[in-house]
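Let me begin by presenting the structure, written as structure tokens, before commenting on it.
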Amino acid sequence: MCGIVGITSSKEVTSRIIGSLKKLEYRGYDSAGIATISENNINEVKCEGRVNELEKNVNQIKLSGTIGIGHVRWATHGKPSTINAHPHSSENVSVVHNGIIENSTILKKILEKKGYKFKSQTDTEVIVHLVTDYLKKNNLKDTIIKVLKKLHGSFALGIIFKDQPDLIIGARRGSPLAVGYGPDEHYLGSDSYALKSMTNKISYLNDGEFCILKKDQVEFFDSDGIKTNKEVLNLSKDEQNYEKDQYKYFMAKEIDEQPVTIKNCINEYIDKHNNEINIYNFPWKITDISSVVLIGCGTAYHSCLVAKYWFEQNTNMDVSVDIASEFRYRKIKFKQNALYIFVSQSGETADTFAALDLCKKNEVKTCAIVNVVESSIARDADLVLPIHCGPEIGVASTKAFLGQMLVLYLLCTKISYEQKTISNKTYQNKIKDLLLLSKCAKETLNTDNKIHNLGKDFANSKGSMFLGRGYSYPIALEGALKLKELAYVHAEGYPAGEMKHGPLALIEEGMPVVVIAPRDEHYKKTISNMQEVISRGAKVLLITNKSTDEIFSENIWEQIEVENISNELLPFLTTIPLQKLAYYSALDKGFDIDKPRNLAKSVTVE
Ligand code: F6R
């Protein structure tokens, strides 16, 4: 993963690099570093931990310079430490890297034989020595072409040179990289978000390209050094001022924003005047689509699992769901009439991007459901359906999950109407229900008080289980994932009906178990399964929807009721208390909720 930034200017750059690194911390936050050139030297400051720490060190030594590169790290090769933090430098060359150099071990052996000494355990350091070595016999441009050809794997690179004190090299294979244009200065960044405070004029490097940035000039080249032309995009400035406001953590704000983000998304897709779902720019005939393949990772994958139930329920199509990291290496029989849908908040997830790339190479129909519309996945797919939920900063995905489900539901409903597998009346009713969703989500947020007190029990448990059937099964998976990543407690999501085939053995006296059983077609069966775990000592938190009907089960530990809406839309509401549960569990333990250990927001490595 990791985040990269670089600036070449006639003005001081240090504090601006630090500012951009703070924006990039969602990509990695185990260590950070910066290198500038001043007084004819490369000056490097690095530290383990956050950018705030780096900033203190930088201020202490009054680091200055009009050119520099910076990095936030998510460790791949070598543990998080100051020595392994980037940049990695020789006397003349300094490098920041996002990605993995797969042949670094072989390259390291060759370079060691030539006498180069390695300080860190990283794969990145081979690039420093390779560049230094090639520069002995080649000019700068040829050096870059030759070095990039030597590297296997994925990378985004920023490189500066002591004897070229206004020049930065940027290079991209796999990992994304953007170039920004300013007044008499240029910027390099892992994404446009990092550069937004400095410019809204951006270009993206294509896969395999590199660029030479000077303060007054930028040139782009393909992997053979042939000059390429670049479009300059004007980005919107509306996401620039996204702050925590009165919230302690972005995650809390993002959970609470969900009624608004649902409304915004619905406003983009539903024409209320004509009671119509609009999927703009759909490039194919909807009736030609005969199957859908849904692909994503983590939470995005869970949204695909929920959508499978919707597509099966409402269309006649074959539906399959794949985890992107598995899909990309399977022997897929690609189908021309299938729609391959890639779901990703960031639009930069390496596995999802690689799965999309595989589909593009096989010339099948691709659709991206993303939050970041300037992302690599959005730029490559045939059709882009944004989820319109604004920046999501907390590492654990919340409002994006609801946004992903929402766009999948809108697409499914539109396809089923156009393919005539649902009637006009059903279509109209579904739209009516969708228009109620934001209000129901808002009211469901009121379950907060009750959940606040339950967090402790989950935070201090040895482990817990999340059970559900039908639509509620993927929601159980999502609830368990949230608890794991935020409170560092083992949690397992399971289909409620599967418990008797093994996992029931895990249940012991006092174990907290969440049962998601809204009053849908699976309700009675799930309640029976709930009874089975209660009989074996589990403390059950039941998530259901409001009803005057009594629940035929005894000894339920706690119960939370979400609002009522059509059964198909209940997953949106049952998710909310689970997000809160994970949040309060982590809060109870005093963890950094927006930046859980070992994780990063944008997963740009395999
Ligand atoms: C969990 C979480 C991750 C992401 C996954 C995919 O809370 O956020 O599981 O969902 O890394 O990320 P995107 O959606 O950016 O492709």
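Everything quoted here is computed from the prediction, not taken from an experiment. Only heavy atoms go into these numbers, but all of them, side chains included; no hydrogens, no water, no symmetry mates. Numbering of ligands and ligand atoms starts at 1, following listing order.
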I need the atoms of ligand 1 closer than 4.0 Å to a non-hydrogen atom of [X], numbered in the order shown.
X	result
S344	13 (P), 14 (O), 15 (O), 16 (O)
V395	8 (O)
A396	7 (O)
A300	10 (O), 14 (O)

Parallel, tilted or perpendicular, as decided by the 30° and 60° cut-offs, for the rings of Y583 and Y249: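 Rings of Y249 and Y583: perpendicular, over 60°.
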Aromatic ring pairing Y340/F334, orientation class (parallel under 30°, perpendicular over 60°, tilted between):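 Ring orientation of Y340 relative to F334: tilted.
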Contact partition for K482 relative to ligand 1, non-hydrogen atoms under 4.0 Å: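 Only the side chain of K482 comes within reach of ligand 1.
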Electrostatic pair [X]-[Y], nearest N-O below 4.0 angstrom:
X	Y	value
K360	D380	no
K399	D256	no
R173	D207	no

Any donor-acceptor N/O pair, K244 side chain to M251 backbone, under 3.5 Å: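 Absent.
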H302 to ligand 1, any heavy atom closer than 4.0 Å: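 Flag not set, H302 not near ligand 1.
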The one among E485, K601, E348 that brings a heavy atom closest to atom 1 (C) of ligand 1: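 Going through E485, K601, E348 one by one, E485 has the nearest heavy atom to atom 1 (C) of ligand 1.
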Nearest candidate to atom 6 (C) of ligand 1, where distance is taken over non-hydrogen atoms, out of C297, G394, G298, S346: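 Nearest heavy atom to atom 6 (C) of ligand 1 lies in C297.
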Exercise: do E558 and N453 side chains pair donor with acceptor under 3.5 Å: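 Absent: no donor and acceptor within the cut-off.
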Contact (N/O only, under 3.5 Å) between Q345 and ligand 1: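 There is such a contact, yes.
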